[in-house]
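Have a look at the structure below before the remarks.
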There are 2 protein chains.
Amino acid sequence: MEALFIMVAKHSGTSQEIKALDAYITLRRAGNTIAAKLNRDIIGHKLTAGQFGILEALFHLGPLSQQTLAKKILSSKGNITMIIDNLEKQTLVKRTASPDDRRTTIIQLTPTGKKMIGKIIPGHLKKIISMMSALTLTEMTELKRLCKKVGLSNQLEKTL
Amino acid sequence: MEALFIMVAKHSGTSQEIKALDAYITLRRAGNTIAAKLNRDIIGHKLTAGQFGILEALFHLGPLSQQTLAKKILSSKGNITMIIDNLEKQTLVKRTASPDDRRTTIIQLTPTGKKMIGKIIPGHLKKIISMMSALTLTEMTELKRLCKKVGLSNQLEKTL
DNA sequence: TTGAAACGGTTCAATATTAAACTATATTGT
DNA sequence: ACAATATAGTTTAATATTGAACCGTTTCAA
């Protein structure tokens, strides 16, 4: 479920407040629209969002501990255990003990897993590019600047 | 879990492609940062996002059928049944039969529910406004225009 | 050095979520 | 009129998600 926008539409306040709410709702809608399309893509490949996130992180960053994965995809430790369990059942990843720290398990892509995610990512990127191409180059740059300004001043942490 | 951005950062392509991906990732991050804060607010009130969405819709739009609620908060019918069950247990909403159609149940806020959501919403709006106020008025307007342009050309459906 | 605290992972209970099958009711086309 | 179809909601099975309790390991500070 995604945040609702009815309250925003119904709000009456100063012109500045309305503009702020209005900008927020539009920002969220644009993002959600795109994210929904990407998600359909992921589901089409028989993966959940969490599974996709893990595979992608491993693909781009190499083997990682579960702890690190939890931070990367912003999910609870318990959930990571479950996602890895399921990915392991499909032999897309495998657990290995860390040589440095006996508490830690390192997650690696199997060849199957690597092949699979490697095939999905290009199409995924193409979708994003195609959707953002509603904007001109100048507009993309400006959108980025504005979003950064909003994001930075409200930041919680910098993943990635 | 939220879409991962590592792939975007790692992508090498034409300058236009990189700008498109870059704009997307920043857009998503800004939105997610704000949404995460709002979500913490909701959890702080002992509500799930779905419960909050339902209460808010009922507050602003009056009694609605479960079908309508499902569309409003973009959730499955089955899930709505469950959310309403839980809200009913806490006596925040109640089910009533529709006089027009015997298949339909109409969901209404109880006085308790109305009081509760009515108390939460103003703070919620204030949070959004405060976070968006990183931007000037002109910037808000421009952000809205750009997001609308992206959103519209990729639209699935118009809720609300 | 050793006891306390922190950390990485797993497990558990509770709730959420979806998709599909199902029940009951309503609508529609012939 | 009535069979086919569509709709509203519930139920079920499978999986996801979180937070808390827990276990073993590591770190740190007195």
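Note on naming: letters A, B, ... go to the chains in the order of the sequence lines (proteins, then strands), and numbering restarts at 1 for each one. Scope of the values below: all heavy atoms of this structure, side chains included, with no hydrogens, waters or symmetry mates. Remember, predicted model here, so these are calculated numbers, not experimental data.
An OP1 or OP2 oxygen of C/dT10 is reached within less than 4.0 angstrom by a side-chain nitrogen or oxygen of A/Gln66. Between D/dT18 and A/Asn79, a contact under 4.0 Å exists linking OP1 or OP2 to a side-chain N or O. Here B/Gln51 reaches the OP1 or OP2 of C/dA16: one of its side-chain N or O atoms lies under 4.0 Å away. Under 4.0 angstrom from either OP1 or OP2 of D/dT10 there lies at least one side-chain N or O belonging to B/Arg95. Distances shorter than 4.0 Å separate none of the side-chain N or O atoms of A/Thr81 from OP1 or OP2 on C/dG9. Close to C/dA16, at under 4.0 Å from its OP1 or OP2, lies a side-chain N or O of B/Thr48.
In this structure, of D/dT10, D/dG9, C/dT25, it is C/dT25 that holds the atom nearest to the side chain of B/Arg102. Considering only side-chain atoms of A/Ser75, the nucleotide from D/dT11, C/dT25, D/dT18 that sits closest is D/dT18. Comparing atom distances between the B/Thr105 side chain and each of C/dA16, D/dG9, C/dG9 picks out D/dG9 as nearest. In this structure, the nucleotide among D/dG9, C/dT17, C/dT15 sitting nearest to the side chain of B/Asn86 is C/dT15. Closest to the A/Gln67 side chain, of the nucleotides C/dG8, C/dT17, C/dA26, is C/dG8.
A/Ile43 has its CD1 atom 9 Å from the P atom of C/dT18, to the nearest Å. To the nearest angstrom, P of C/dA14 lies 15 Å from CD of B/Gln90.
On a pure distance criterion of 3.5 Å, a polar donor-acceptor pair joins the side chain of B/Arg103 and the base of D/dT7.
Summary of the strand contacts: A/Met82 and B/Asp100 both lie near DNA chain C, and taking for each the nucleotide with the nearest heavy atom, the more 5' one is attributed to A/Met82. Of the two residues contacting DNA chain C, namely B/Ser76 and A/Ile106, the nearest-nucleotide position lying further toward the 5' end is that of A/Ile106. In terms of position on DNA chain D, the residue among A/Ile83 and A/Asp101 whose nearest nucleotide sits closer to the 5' end is A/Ile83.
Here the options are A/Thr105, A/Asp101, A/Asp100, the test is side-chain hydrogen bond (donor to acceptor under 3.5 Å, both in side chains), and the partner is A/Arg103; only A/Asp101 passes.
Atom CE in B/Met140 sits 12.0 Å away from atom CG in A/Leu27 (nearest 0.5 Å). Atom-to-atom distance recorded for B/Leu38:CG and B/Met131:CE is 4.5 Å, nearest 0.5 angstrom.
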